[in-house]
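Below you'll find the structure, written out as structure tokens, and then a few comments.
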Amino acid sequence: MNPKNSSKEPLNDQEREDRWSEVTRGERYVIRTTSEEVSGAYSMLEVIADPRNGVPIHVHDNEEEHFIILEGKALIANGDSRAEVGAGSSVTIGRGVAHAWCNPSEDNPLRMLVLFTPGGLEELFRRNAGTEPTDMIALAAKFGTRITGPALFDNLHTISSPRP
């Protein structure tokens with residue numbers, strides 16, 4: 001059985017690579033699996049973050065978020081705890097839990113898979129390409145994602161403080 005079979009024909013790997021987008025300069029993503037391909041079970045993105053890029057503390061009202069680190073290191077806040085995790089590690093964030101992530105490195109990119117369960121949040125990522133930071137925050141709220149705090153440390157490039 002091929003797990004990629006669905007009622008909609010999935011994109012091939014070459015087509016997917018052509019669909020890289022940026023949230024902010026230095027943070028690229030591509031949608032690897034859409035919720036439509038897996039009957040709504042999950043959505044999966046691949047994310048590459050340059051050194052000192054990340055996201056501010058936020059909450060997903062509707063989804064759990066799962067991080068699988070492929071290359072580099074990530075600093076992940078999960079509620080009141082923080083951990084630096086490397087390649088081969090995974091972290092799961094529960095629905096409604098405040099969290100954030102960043103690439104704390106000065107030199108190396110971070111590459112990870114990010115899964116949202118249930119699926120559907122990829123629509124936020126489809127719509128955000130080229131969106132101004134203040135508009136992105138309002139757009140995220142429409143999808144049940146709320147910014148609830150600052151970045152994990154000063155001088156981190158995020159939607160609220162993008163690279164020049």
Side-chain angles (χ1 to χ4, degrees), residues 3-8 10-11 16 19-24 26-49 53-104 110-152 156-160 162:
K4 293 295 279 181
N5 284 345
S6 69
S7 61
K8 294 190 176 189
L11 299 173
R16 288 182 189 280
R19 295 179 155 228
W20 285 91
S21 298
E22 284 190 329
V23 174
T24 60
E27 181 189 333
R28 296 164 302 289
Y29 67 91
V30 63
I31 299 170
R32 292 291 182 203
T33 305
T34 67
S35 58
E36 293 89 2
E37 292 175 282
V38 292
S39 301
Y42 65 93
S43 307
M44 182 172 57
L45 281 63
E46 181 177 345
V47 176
I48 299 175
N53 258 74
V55 299
I57 297 172
H58 62 284
V59 171
H60 299 292
D61 293 331
N62 305 311
E63 299 86 12
E64 291 182 338
E65 188 169 6
H66 313 273
F67 297 92
I68 302 167
I69 310 306
L70 302 174
E71 296 175 18
K73 291 184 180 178
L75 175 61
I76 298 179
N78 183 357
D80 293 332
S81 66
R82 290 183 184 203
E84 190 170 294
V85 294
S89 299
S90 63
V91 175
T92 295
I93 311 293
R95 180 179 303 152
V97 175
H99 64 284
W101 64 265
C102 70
N103 178 355
L110 164 65
R111 184 171 154 251
M112 61 186 172
L113 294 176
V114 181
L115 286 84
F116 297 99
T117 56
L121 198 60
E122 76 272 19
E123 188 61 29
L124 167 62
F125 290 89
R126 284 182 183 130
R127 293 185 188 187
N128 80 358
T131 303
E132 292 297 319
T134 53
D135 295 335
M136 177 58 185
I137 292 168
L139 179 62
K142 290 180 182 179
F143 286 89
T145 299
R146 298 173 284 115
I147 305 298
T148 59
L152 294 178
L156 188 67
H157 302 288
T158 71
I159 192 168
S160 303

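These numbers were taken from a predicted model, which means no experiment stands behind them. Computed over heavy atoms, backbone and side chain alike; hydrogens, waters and symmetry mates excluded.
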Between atom [atom1] of [X] and atom [atom2] of [Y], what is the distance when rounded to the nearest 0.5 Å?
X	Y	atom1	atom2	result
Leu110	Cys102	CG	SG	8.5 Å
Ile76	Glu84	CD1	CD	10.0 Å
Ile57	Ile147	CD1	CD1	10.0 Å
Ile31	Thr33	CD1	OG1	10.0 Å
Asn53	Arg28	CG	CZ	8.0 Å

Strictly distance-based, threshold 3.5 Å: is any side-chain N or O of [X] a donor or acceptor partner for the main-chain N or O of [Y]?
X	Y	answer
Glu122	Ser35	yes
Arg82	Leu152	yes
Ser43	Gly120	yes

Donor-acceptor pairs are to be reported for all side-chain atoms of residues 58-66 against protein atoms at under 3.5 Å, with residues two or more places apart or in another chain.
from	atom 1	to	atom 2	distance (Å)
His58	ND1	Pro56	O	2.8
His58	ND1	His99	O	3.3
His58	NE2	His60	NE2	3.3
His58	NE2	His99	NE2	3.1
His60	ND1	Thr145	OG1	2.9
His60	NE2	Glu65	OE1	2.8
Asp61	OD1	Arg146	NE	3.3
Asp61	OD1	Arg146	NH2	2.7
Asp61	OD2	Arg146	NE	3.2
Glu65	OE1	His99	NE2	2.7
His66	ND1	Thr92	OG1	3.1
His66	NE2	Thr117	OG1	3.0

**Request:** Mind telling me whether Phe125 and Tyr29 have parallel, tilted or perpendicular rings, with 30° and 60° as the class edges?
**Result:** perpendicular

Validation row: [X], [Y] side chains within 4.5 angstrom (heavy atoms):
X	Y	answer
Ile48	Trp20	yes
Val47	Glu27	yes
Val114	Met112	yes
Val55	Thr158	no

**Request:** Give the C-alpha distance, both sets of side-chain angles, the deciding distance and a yes or no for side-chain contact (heavy atoms from CB on, under 4.5 Å) between Leu113 and Ile69.
**Result:** CA-CA 7 Å; Leu113 294 176; Ile69 310 306; over 6 Å; no

**Prompt:** Which pairs pass salt bridge (charged side-chain N to carboxylate O under 4.0 Å, His left out) with one or both residues in residues 110-119, sequence neighbours excluded?
**Reply:** Glu46-Arg111, Glu71-Arg111

**Residue list, ring pair (Phe, Tyr, Trp, His ring centres under 6.0 Å) with His157, at least two apart or on another chain** = none

**Request:** Locate the shortest heavy-atom distance separating Pro118 from Gly40; write the atom from each residue and the value.
**Result:** CB-O, 3.6 Å

**Prompt:** Taking only residues two or more places apart in sequence, or in another chain, which ones meet Asn103 in a side chain to side chain donor-acceptor pair (under 3.5 Å)?
**Reply:** none

**Request:** Verify side-chain contact (heavy atoms from CB on, under 4.5 Å) between Val85 and Phe67, making sure each step is shown before the conclusion.
**Result:** CA-CA 10 Å; Val85 294; Phe67 297 92; over 6 Å; no

**Message:** Taking side-chain contact (heavy atoms from CB on, under 4.5 Å) as the definition, give me every residue that meets it alongside Val97, ordered by chain and number, with sequence neighbours left out.
**Reply:** Asn78, Ile93

**Fill in**
Residues pairing under ring pair (Phe, Tyr, Trp, His ring centres under 6.0 Å) where one sits in residues 70-98, two or more places apart or in two chains, turn out to be none

